[in-house]
Undergrad: 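The structure under discussion is supplied below as structure tokens; questions concerning it will follow.
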Amino acid sequence: MPIKFSKAEKVFTLTTKNTAYIFSIACDRYLVHQFYGKKNVRYTPYKPYTVSFSPYRKELGNTWSPDVFPQEYSFFGYGDYRTAALKLRGADGTGVTDFVYSSHRRFNGRMPVEGLPFAEADEHVQTLEVKMIDSVTGCELLLYYTVFYEEDVISRHMILKNKGQSPVKIEKCMSMTLDMQGCDYDLVTLYGGHCVARRYQRAPLHHGMQSICSRIGASSPQYNPFFALCGKKATEERGDVYGINLVYSGSFLDEIEVDQTDCTRIQTGLGEENFGYTLLPGEQFCSPEAILTYSSKGFGQMTRNLHNFTRNRILPQNSLKKPHPVVLNTWEACYFNIDEEKLIRFAEESAKTGFDMLVMDDGWFGKRNNDRAGLGDWQENPDKFKRGLKTFVDSVKEKGVSFGIWIEPEMVNPDSDLYRAHPEWCLRVPGREPLLAREQLVLDMSNPDVVEFLKNSFKKTFENVSIDYFKWDMNRHMCNVGSPALPPDRQDEVPFRYMKGVYALLKWFTEEYPDAIIETCSGGGGRYDLGMMRYGFQIWTSDNTNPYSRTWIQRSSLLAYPAATMSCHVSNPRDDLKALDFRYKVALGGMLGYELNILNMSEPIKAEMAREVKEYKSFEELIRLGDYYNLVSPFENDFSAYYYTDRNRKEFLFSLIEKKDTAPRSTKPLKIKEAKADKNYVDLLSGSRYTGKELRDGLILPLTGEGNTAILMHFSEEP
Ligand code: DGJ
């Protein structure tokens, strides 16, 4: 039983394959966090103690102050001075609540997260529901703990029910609190910007608040919602590491606070700056789902836990199980100059090269000849498609490739028929000019009429057109966020309602086009999160296709997200076979595609691309579904090395990538520790043979110092 409750001690124990999460009920009212970490180790139960000036209830004695003990979920205003998870403003106007344990139940399966994406759970997964009640507001709080035993993941979310007589306003909403003893940790976050998203940062925790958040209306390139806390000495293979993430794609808040008692509070959720929600009597609110994992074996195991979880529980299973198509995307080759005849020739060359799909990027619809017009008018441009979209797509397919198309449903250009007809359908604040970014405004996805309109226009345009893939883009940050469809006292609900509208439309796409796959994108990786991954089979990793930048962007993405989610394109090698080889080998960190004008490529380049695609297909499954082992990370070194391996450790895809400024020398032994000592292996790419012991002891490889160089090896176990 992954979830146990000791009636005598009033202790809940949640166990996964390697971890335990323990908390108890104290004084018949408080939920006290006891331990999260390695399973079957002795932990010291929390002992209450007094801290001067900390408030307490007389009947419980001064050792039980909400300010001191580790909580399972924290509330505003009742004596816990650390950052709160929930702030509710009820009829008394104070914001004070005091939720008290009431009951609990365990069940197989999980509680869905209404209107938001959440992890898939069958009846083998168990959930604990703990009910707490605040007597003054009359609100009921349900805390959910879903235990994914095999993946070593526990997920948490909450539902708040207003069972009182008056409306309550949720002013801050976090999906979970985790109060840990001690503060000797480093914090790892992924920060950045457009083209430089997910830069790795590791810094010691300090007393006080540390937080990362997005305010842009998307999970953002500025800060990814994922973060990790690790022991000071934690490495790839050793030490305690906690990984935390949120299944949500909008603005979020991650908080880490080290308090006066040297304890660390961790929270993730919607926050308060970009959030508010009024619950009328009888209504309920559901927070996004938070994901927790723990590894006692360093970052590598944390990463593999998160990869397994994302593959098993988040990604759409139908597309994960099949080889991902190798696409030729038109963006860097054509930009907005979509030309029907040219693209049919692209399709023809693609088929000859072995690409599976042609993806027609931006520029095919409305008056979209540049980024100043057309967004919102989702009908093909008749000047560009003289015989209509259907005939064009049929012609592409006749050449022997499948077909993908770019859309950006959430946006509108002021120069569009849609905006002229419905200026009130974009996010705006009365009396203020909506600000442009990339020449576009944001549609009010919190308004169901807008979502309905979009469904109908896509339905009409794609009627009888056989689309195999949608690239769903989103190319600006939000500001002046207001919805003309909501009253003034509901305006702070817009960011959350917006995301619900986006998810509703994404869900509609998956149902309306069940055989099509969706690649999501936000100026590259601006919405690289578990929410988007629930609908899209992969994400365009970054608009930066420079292979050197891609090396670290891909490595830091892999820290939290599996290779199956990473769309990696080879861009124009400029007739240089060596550059092509390097770009290809870098792109093999994730799912391969190409983004170049195939009509301009020389015969040797085309022949080499054809060879690459064939080779890639021989090990694509290893990348898509394999376990990832990082050997040398590009953050601290002048080269990087990693390998993917299958569950049975029969195959290994090994890669070494030199940075531009690598010093020529030999590497230290690069140990493929997962190889079996008693087996022999052949590198299928060179034909060289190795014993398992040699691979385990480590490969010592030459670093050329020339840049543009990578080594790829595909080891296969010999019978
Ligand atoms: C941003 C994306 O990241 C690019 O790949 C491309 O699709 C453009 N948008 C098109 O506008």
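For this chain, numbers begin at 1 and follow the sequence in order. Keep in mind it's a predicted model, so treat the numbers as computed, not measured. Remember, it's 1-based here, ligands and their atoms both numbered in the order they're listed.
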Undergrad: Can we call the ring centroids of F470 and F458 under 6.0 Å apart?
TA: no

Undergrad: Only heavy atoms of C521, strictly under 4.0 Å: list the atoms of ligand 1 that pass.
TA: 2 (C), 3 (O)

Undergrad: Does ligand 1 have any atom sitting under 4.0 Å from a heavy atom of M474?
TA: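 So M474 does not count as touching ligand 1.
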
Undergrad: Near R438, which atoms of ligand 1 are under 4.0 Å from a heavy atom of that residue?
TA: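 Ligand 1 atoms under the 4.0 Å threshold to R438: 10 (C), 11 (O).
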
Undergrad: Tell me whether the rings of Y513 and W508 are parallel (<30°), tilted (30 to 60°) or perpendicular (>60°).
TA: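 Answer is perpendicular, since the angle exceeds 60°.
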
Undergrad: For ligand 1 and W331, I'd like to know whether there is a polar contact (N/O to N/O, distance under 3.5 Å).
TA: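 N/O-N/O distance below 3.5 Å does not exist for this pair.
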
Undergrad: Return yes or no for this condition: an N or O of E595 is under 3.5 Å from an N or O of ligand 1.
TA: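 No, there is no polar N/O contact under 3.5 Å.
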
Undergrad: Would F336 count as being in polar contact with ligand 1, using the rule that some N or O on each side must be under 3.5 angstrom apart?
TA: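 There is no such contact.
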
Undergrad: Report, in ascending order of atom number, the atoms of ligand 1 lying under 4.0 Å from any heavy atom of G523.
TA: 1 (C), 3 (O)

Undergrad: With backbone taken as N, CA, C and O and side chain as the heavy atoms from C-beta onward, which portion of Q440 lies under 4.0 Å from ligand 1: side chain, backbone, both, or neither?
TA: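 No part of Q440 is near ligand 1 at this cut-off.
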
Undergrad: So is R550 actually on top of W540's ring, under 6.0 Å and inside 45° of the axis?
TA: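 Cation-pi check for R550 and W540: passes.
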
Undergrad: With ring centroids as reference points, do Y548 and F582 lie under 6.0 angstrom apart?
TA: yes

Undergrad: State plainly whether the residues K578 and D581 are in salt-bridge range, i.e. N to O under 4.0 Å.
TA: no

Undergrad: Please work out which of L375, D361, D362 has its closest non-hydrogen atom nearest to atom 7 (O) of ligand 1.
TA: D361

Undergrad: Taking the six-membered ring for Trp, are the ring centroids of Y191 and Y223 within less than 6.0 Å of each other?
TA: no

Undergrad: Relative to the heavy atoms of G524, which atoms of ligand 1 are at a distance of less than 4.0 Å?
TA: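 The list of qualifying atoms is 3 (O).
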
Undergrad: Identify, for atom 9 (N) of ligand 1, the protein heavy atom at the shortest distance, and state residue, atom and that distance.
TA: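 Sorting protein heavy atoms by distance from atom 9 (N) of ligand 1 puts D473 OD2, 2.7 Å first.
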
Undergrad: In ligand 1, which numbered atoms sit nearer than 4.0 Å to a non-hydrogen atom of W540?
TA: 3 (O), 5 (O)

Undergrad: Under 4.0 Å from a heavy atom of K471: give me the atoms of ligand 1 that qualify, with their elements.
TA: 4 (C), 5 (O), 6 (C), 7 (O)

Undergrad: Name the residue from P316, S249, P117 that meets the side-chain contact (heavy atoms from CB on, under 4.5 Å) definition with Y535.
TA: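 When P316, S249, P117 are each tested with Y535, the side-chain contact (heavy atoms from CB on, under 4.5 Å) holds only for P117.
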
Undergrad: When the ring planes of Y642 and Y628 are compared, do they come out parallel, tilted or perpendicular, using 30° and 60° as the limits?
TA: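 Y642 vs Y628 ring planes: tilted.
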
Undergrad: Applying a 4.0 Å heavy-atom criterion (strictly less than), which segment of E408 is in contact with ligand 1: side chain, backbone, both, or neither?
TA: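 The answer is neither.
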
Undergrad: Between T461, L375, I407, which is the residue that forms a side-chain contact (heavy atoms from CB on, under 4.5 Å) with F365?
TA: L375

Undergrad: Using a strict 4.0 Å threshold on nitrogen-to-oxygen distance, state whether D362 and R368 make a salt bridge.
TA: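 Looking at D362 and R368, the cut-off is met.
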
Undergrad: With atom 4 (C) of ligand 1 as the reference point, say which of D543, T330, N329 has the nearest heavy atom.
TA: D543

